[in-house]
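To start, the structure itself, in structure tokens.
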Number of protein chains: 4
Amino acid sequence: MSKIKKLASKKNETKPLSRPSAVGRKRDDSLDSAIIEAALNALAEVGFDRMTMDLVAAKAKTGKASMYRRWSSKTELVRDALVFMNRHSVELTELPDTGSIRNDLLALVKPKSAEQSERKMRVLAGLGSFFAEYRKISEDISTHIFGGWEKANAQLLTRAIERGEISKSADVEGTCQVISAMTAYTTTLLLKTFDKTTYANLLDNILLPALRSGTKPSGTKKA
Amino acid sequence: MSKIKKLASKKNETKPLSRPSAVGRKRDDSLDSAIIEAALNALAEVGFDRMTMDLVAAKAKTGKASMYRRWSSKTELVRDALVFMNRHSVELTELPDTGSIRNDLLALVKPKSAEQSERKMRVLAGLGSFFAEYRKISEDISTHIFGGWEKANAQLLTRAIERGEISKSADVEGTCQVISAMTAYTTTLLLKTFDKTTYANLLDNILLPALRSGTKPSGTKKA
Amino acid sequence: MSKIKKLASKKNETKPLSRPSAVGRKRDDSLDSAIIEAALNALAEVGFDRMTMDLVAAKAKTGKASMYRRWSSKTELVRDALVFMNRHSVELTELPDTGSIRNDLLALVKPKSAEQSERKMRVLAGLGSFFAEYRKISEDISTHIFGGWEKANAQLLTRAIERGEISKSADVEGTCQVISAMTAYTTTLLLKTFDKTTYANLLDNILLPALRSGTKPSGTKKA
Amino acid sequence: MSKIKKLASKKNETKPLSRPSAVGRKRDDSLDSAIIEAALNALAEVGFDRMTMDLVAAKAKTGKASMYRRWSSKTELVRDALVFMNRHSVELTELPDTGSIRNDLLALVKPKSAEQSERKMRVLAGLGSFFAEYRKISEDISTHIFGGWEKANAQLLTRAIERGEISKSADVEGTCQVISAMTAYTTTLLLKTFDKTTYANLLDNILLPALRSGTKPSGTKKA
DNA sequence: CGATAAACGAGACGGTACGTCGCGTCTTCTG
DNA sequence: CAGAAGACGCGACGTACCGTCTCGTTTATCG
């Protein structure tokens, strides 16, 4: 079903099953990417639910039949569009090598272009907050659900700083956000439960070591 | 529009704007929570898209009119239901105080009851993967988008371990997941761009200190 | 259920069953007629279907409960309102007696007042064409259904005049309308089938005698 | 909006305004009549108000969208269905010609088939008494409104017979019904006022000539 | 004169049908 | 045959009305 292989790798896999019969008009390959581009733009502009198949067809100047000839459902199209959008994140062959792990990690996220990166962010937002109009849900989740938890955690951390258990220069706010982020990520994307063991691992292996460490190597400040 | 304030705090009932007129039948407050409970159960059981308003009405033994009298749309109802579900996360007055920051943080996530916690997870999952059927999107996002990035990052970290820049006992996999989690969280929930400054802060304040720290305090193993 | 007896005849029927208990506030009799007036006005203004019970309640400055205390349904209210509207048509005791049957019949329809008569017409129209906005249905029925029939009948009558079977001065158009009217009246109001026997009676007893009669007594012209 | 022209006459398809664009799937003309047939059956079986659009869609094995693509509302559909039902009443080209006006008029109402005629009656009844349950309204109208009037008119006519002004064999009951029928027909279907002039014309041209005529030509009896 | 009981106005409630919109399929014409 | 256009079957949405109910208030009779 996925069209991405064809798009990503320009090889022609010779189509063993349900190959296009030799006669008749050939598939217009440029339509594949036109539809995906239209879908990504629609996702970024109006979000998943307001992205209707008719809208995408109109943006791609095609008809729905040509879309469903390529993808069996809206979901499949979105999946492929997302994979396509991130097709350049995966070049394991040409990893940066600056000699510093910090610079290596940062180099990896250098986007192709500013506007590409901008759209990428909006696409993810349009996905996560199902509806463009309804991204209030996101705000409410972050404010009411994770916001409350982060405030409580921050208070616990501040107290720990006061009694000298963790470093004075610990990044309290950042740590709390990591906790929220891992919870949301695990439940909504990995579709696993964020249980106590997972949480303890996060604390023991990453957060507590960082909190105890008294040094901030590069001295950057928060934005 | 939000009914949660009334549900959460049974107090400030002065109602300056659009207060219920003194005459006429009073709103049945028990219906508010009955509908929200029904909505949460529906979310947990069938996910956002399969949760129809008629289904929720049937579960709450009411009619759609009474639901739309309270919330102007399905989305508004879901927002309030989510806030309601987490109304107890915010009790800043009774924070745990075990003397250890690790135990404090863990104590905070002790749920009221096992089944409450179970449903909470399912509700979040039902939200994130909008449709039961469509959780493939989630899988693809984690596999293709973040999966590729995590693999690359893991390779960079392994190399750094080899050249002695970070600790041999560093939690490579966990660190990579935190990076993915923070990206997803920032874009889909906080609705902000995950830019280079934000990333650098995460690295400098939390991840790099943890990676350099050679100790794993509590000795817990990964799940 | 019917309130009309009480309104029409001011006698107090001593209420054998479900009589109003001696204690408690008394029914406001002026409300009965206020509601009926409001209902008639609503019927005349917007027709049966757009006459909502809330609208009538608002017009009568009362609540729906007070209406349903008197009539068990919208239909019952409308029935009584119609009867009330025509309560003066039935005074068999004081029939006109002018010595001429023509003047007697005409005298009977002298309305109480012009505006009363006007509203009466509009009420009937609002009933027959269920919706005010939708009285197009009526137009279509009269145009397409009865219109076609009337045209055909008119042609038959004209031919009969030509061959001298009926009077030259026969009222062709009027006769055709009577046929349509009797069909509609029998089926929609009397709820009987307008079968061949009924039709033959109408022809033999009324229409054919009139058509053969060569005289137009009073010489009035059509409007 | 009306689809009947297309159904009735298979000709003039030039379609100057809002013609179906040359491209795209064509409207399925058989659906037009399938829906109309379903609507007529529903009207005959359950009456106007119990005829829901979902019911008609189910009977026609289609969806509501396809119905609303053709007619903008339930009312429009009913209008066209009624016109369609009577599309054969208008064959002016093949009028009967028996040599007797009586037989001509009767021959015109010979239905295409018995069951067609049967349904036609039930459709009209389902219309006039808007709801199956609400045909009480019809009964009340005929009983209280026209019934009272007819009784009074009958008394006037009887008196006129007694003093010899009209024929002894005059059809008193039939004449009174014609008066009621013309009133109802004029107001509810023609949507005109039944004023004194109209009434006088009816009397002078049809009813009084018939009443004065002393002969009952064909000797048929009342049903 | 206060208690009791019912009517009243307002409006919430459960239910049902409406008319709209989107998905994924099918059909028609054009290249 | 593929492409563009758009009709089709289905199902959920959000609205409106019916007839019932529950409030708090007003009006009447009874103890």
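Reminder, nothing fancy here: chain letters follow the sequence lines and each chain counts from 1. Basis for what follows: all heavy atoms, side chains included, without hydrogens, waters or symmetry-related copies.
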- Item | Distance in angstrom units between A:Asp32 CG and F:dA2 C1', rounded | 13 Å
- Task: Give the minimum heavy-atom separation between A:Trp71 and A:Asp80, together with the two atoms involved.
- Result: NE1-OD2, 3.0 Å
- Task: Examine distances only and state if a side-chain atom of B:Lys26 and a backbone atom of B:Gly24 form a donor-acceptor pair shorter than 3.5 Å.
- Result: yes
I'd like a table of atom pairs between the protein and nucleotides 15-18 of chain E - only N or O on both sides, under 3.5 Å - with the distance next to each one.
residue	atom	partner	partner atom	Å
E:dC18	OP1	D:Met53	N	3.2
E:dC18	OP2	D:Met53	N	2.7

- Item | Euclidean distance, atom CZ of residue B:Arg69 to atom C1' of F:dG14 [Å, nearest integer] | 14 Å
- Phosphate oxygens OP1/OP2 of F:dC8: is one of them under 4.0 Å from a side-chain N or O of D:Arg70? yes
- Calculate the interatomic distance between A:Trp71 atom CH2 and E:dT25 atom C1'; express it in whole Å. 18 Å
Between protein and nucleic acid, restricted to nucleotides 23-25 of chain F and to nitrogen or oxygen atoms under 3.5 Å apart, what atom pairs and distances do you find?
none

- Note on the structure: Of all heavy-atom pairs linking A:Ala81 and A:Ala39, the shortest is CB-CB, 4.5 Å
- Query: Between F:dC21 atom C1' and B:Leu31 atom CG, what is the distance in whole Å?
  - Reply: 13 Å
- Is there side-chain contact between A:Met67 and A:Leu31, with heavy atoms separated by less than 4.5 Å? no
- Would you kindly give the CG-to-P distance between C:Asp29 and F:dT27, to the nearest whole Å? 16 Å
- Task: With sequence neighbours left out, write down each residue that passes side-chain hydrogen bond (donor to acceptor under 3.5 Å, both in side chains) with C:Asp28, or none if nothing qualifies.
- Result: C:Ser30
- Item | D:Met67 CE - E:dC21 C1' separation (whole Å) | 17 Å
- Item | By salt bridge (charged side-chain N to carboxylate O under 4.0 Å, His left out) - contacts of D:Lys74 (at least two apart) | none
- Message: On the nucleotide F:dG6, are OP1 or OP2 found under 4.0 Å from the side-chain N or O atoms that D:Arg27 carries?
- Response: no
- Tell me, please, which residues at least two apart from C:Lys64 pass side-chain hydrogen bond (donor to acceptor under 3.5 Å, both in side chains). none
- Task: Write down the atom of C:Ile35, the atom of C:Val56, and the distance for their closest heavy-atom approach.
- Result: O-CG1, 3.9 Å
- Roughly how many Å is it from CD in B:Glu76 to P in F:dG14, rounded to a whole number? 10 Å
- B:Ser66: partners by side-chain hydrogen bond (donor to acceptor under 3.5 Å, both in side chains), with sequence neighbours left out: B:Arg69
